[in-house]
**Student:** 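After the structure tokens below, expect a handful of questions from me.
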Amino acid sequence: MKRILLIATGGTIASRETGDGLAPGISAEGLLELVPGIEGKVRVECAELLSLDSTNMTPEHWLMIAGCIRKNYGNYDGFVITHGTDTLAYTAAALSYLVKGSPKPIVLTGAQKPICFDSTDSKENLRDAFLCAASDMPGVSIVFDHKVILGTRAKKTRSKSFSAFESINYPDLGVIRDGELLRFIRQSCGEEPEFSEALNTHVALLKLIPGTGREILDFLFERNDAVVIESFGVGGLPESGGFYECVGEWLRRGRIAVLTTQVENEGSDLGVYHVGHRLKEELGVLEAYDMTTEAVLAKLMWIMAKTKNAPEVEKLFYTPVAMDMFPR
Ligand code: ASP
């Protein structure tokens with residue numbers, strides 16, 4: 001029988017009504033007791049790692065989760081991580097880099113309604129997650145609403161419905177139908193995972209709005225090693241207001257700038273318009289292409305803990321990891 005480690009971190013799935021809002025309070029053991037039928041198919045052990053609303057998650061917690069997987073890697077066939085849905089996509093992306101190329105399944109799940117509610121998606125999501133963790137499904141994935149989504153491609157796109165997550169610019173890895181996993185894509189993996197133990201958290205994100213001033217960008221570059229700018233459409237920066245000068249100055253001082261888009265699907269293509277072309281050709285701004293913003297941020301934190309040298313950062317950024325971007 002497959003041995004699975006359930007790593008609990010909190011989230012709605014483990015929440016109770018407190019009188020002033022839902023808050024996590026149910027243990028990993030408590031979750032299992034409410035879904036009979038999991039144990040018997042697989043052998044489960046529990047790690048009570050955190051009990052957080054995922055709004056409170058930080059990169060420090062991502063490292064804790066990766067550390068827990070590392071410590072226990074040899075003793076289990078797969079891992080299920082229960083997690084709040086709000087920042088689940090960030091954690092899934094971060095784990096894809098921190099535990100790179102895992103031959104064993106690392107499955108994240110959660111729920112939109114607590115497990116103790118009459119109407120809940122918790123039980124099905126948990127059952128599906130254990131099914132996937134006991135299957136031949138290497139790498140990091142999110143199992144939610146009967147879909148299996150690649151860890152680097154997930155985005156929370158609905159705040160209330162059970163179908164909370166979508167895979168962006170990449171097909172689902174599989175679906176779970178009538179308790180059976182139909183796997184469409186198998187992630188490639190190594191013989192052993194490559195664990196990383198550090199992240200550089202001096203990475204910031206600016207969402208541009210019409211009228212944003214360059215002083216915000218200066219503020220972010222002053223305090224960070226890399227700034228991701230979520231711009232419009234296929235990507236570009238306003239031509240007035242000193243944005244090009246600002247980005248150029250900070251790049252000369254060794255900072256990293258990545259342009260991405262606020263549009264969820266199809267990604268950036270900076271060369272298309274005059275507002276983007278120069279950024280790439282003359283200034284050396286990187287672009288996210290088809291990556292999610294969650295993956296861009298996690299990847300930069302991971303890369304910039306290894307190097308701040310711009311050509312090296314560029315090379316690593318454009319090297320696909322866990323199919324986070326199409327190779328160029
Ligand atoms: N606020 C919750 C969390 O992210 C939402 C959820 O789990 O669905 O922890």
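Positions are given from 1, in the same order as the sequence printed here. Ligands are counted one by one from 1 in listed order, and the atoms in each one are counted from 1 as well. All values reported here derive from a predicted model rather than from experimental measurement.
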**Student:** What protein heavy atom sits nearest atom 8 (O) of ligand 1, and how far off is it?
**Tutor:**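 Nearest neighbour among protein heavy atoms for atom 8 (O) of ligand 1, to 0.1 Å: T85 OG1, 2.5 Å.
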
**Student:** What is the ring orientation for F144 with F165, classed by angle as parallel under 30°, tilted 30 to 60°, or perpendicular over 60°?
**Tutor:** perpendicular

**Student:** Provide the number and element of each atom of ligand 1 under 4.0 Å from a heavy atom of A111.
**Tutor:** 6 (C), 7 (O), 8 (O)

**Student:** Got the closest protein heavy atom to atom 4 (O) of ligand 1, with its distance?
**Tutor:**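 That would be S54 OG, 2.5 Å.
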
**Student:** Measure across A47 and C68 and return the closest heavy-atom pair with its distance rounded to 0.1 Å.
**Tutor:**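 Reported closest heavy-atom pair: CB-SG, 4.1 Å.
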
**Student:** Which atoms from ligand 1 have a heavy atom of G11 less than 4.0 Å away?
**Tutor:**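 Taking each heavy atom of G11 in turn, ligand 1 has 7 (O), 9 (O) under 4.0 Å.
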
**Student:** How close does the nearest protein non-hydrogen atom get to atom 5 (C) of ligand 1, and which residue and atom is it?
**Tutor:** T12 OG1, 3.1 Å

**Student:** Should you measure from each heavy atom of D86, which atoms of ligand 1 turn up under 4.0 Å away?
**Tutor:** 1 (N), 2 (C), 3 (C), 4 (O), 5 (C)

**Student:** Do the charged groups of R328 and D290 touch, with an N to O distance under 4.0 Å?
**Tutor:** yes

**Student:** Will you find, in the side chains of T85 and K156, an N or O donor that is under 3.5 Å from an N or O acceptor?
**Tutor:**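 There is such a pair (donor and acceptor under 3.5 Å, judged by atom type) between the side chains of T85 and K156.
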
**Student:** Can you confirm, on distance only, whether ligand 1 has an N/O atom lying under 3.5 Å from any N/O atom belonging to D53?
**Tutor:** yes

**Student:** Angle class for the Y73/F79 ring planes (parallel below 30°, perpendicular above 60°, tilted otherwise)?
**Tutor:** parallel

**Student:** So if I count the atoms of ligand 1 from 1 in the order they appear, which ones are less than 4.0 Å from some heavy atom of Q112?
**Tutor:**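 Under 4.0 Å from Q112, ligand 1 has these atoms: 8 (O).
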
**Student:** Using only atom types and a distance under 3.5 Å, with no angle test, would you say the side chain of D128 pairs donor to acceptor with the backbone of N125?
**Tutor:** no

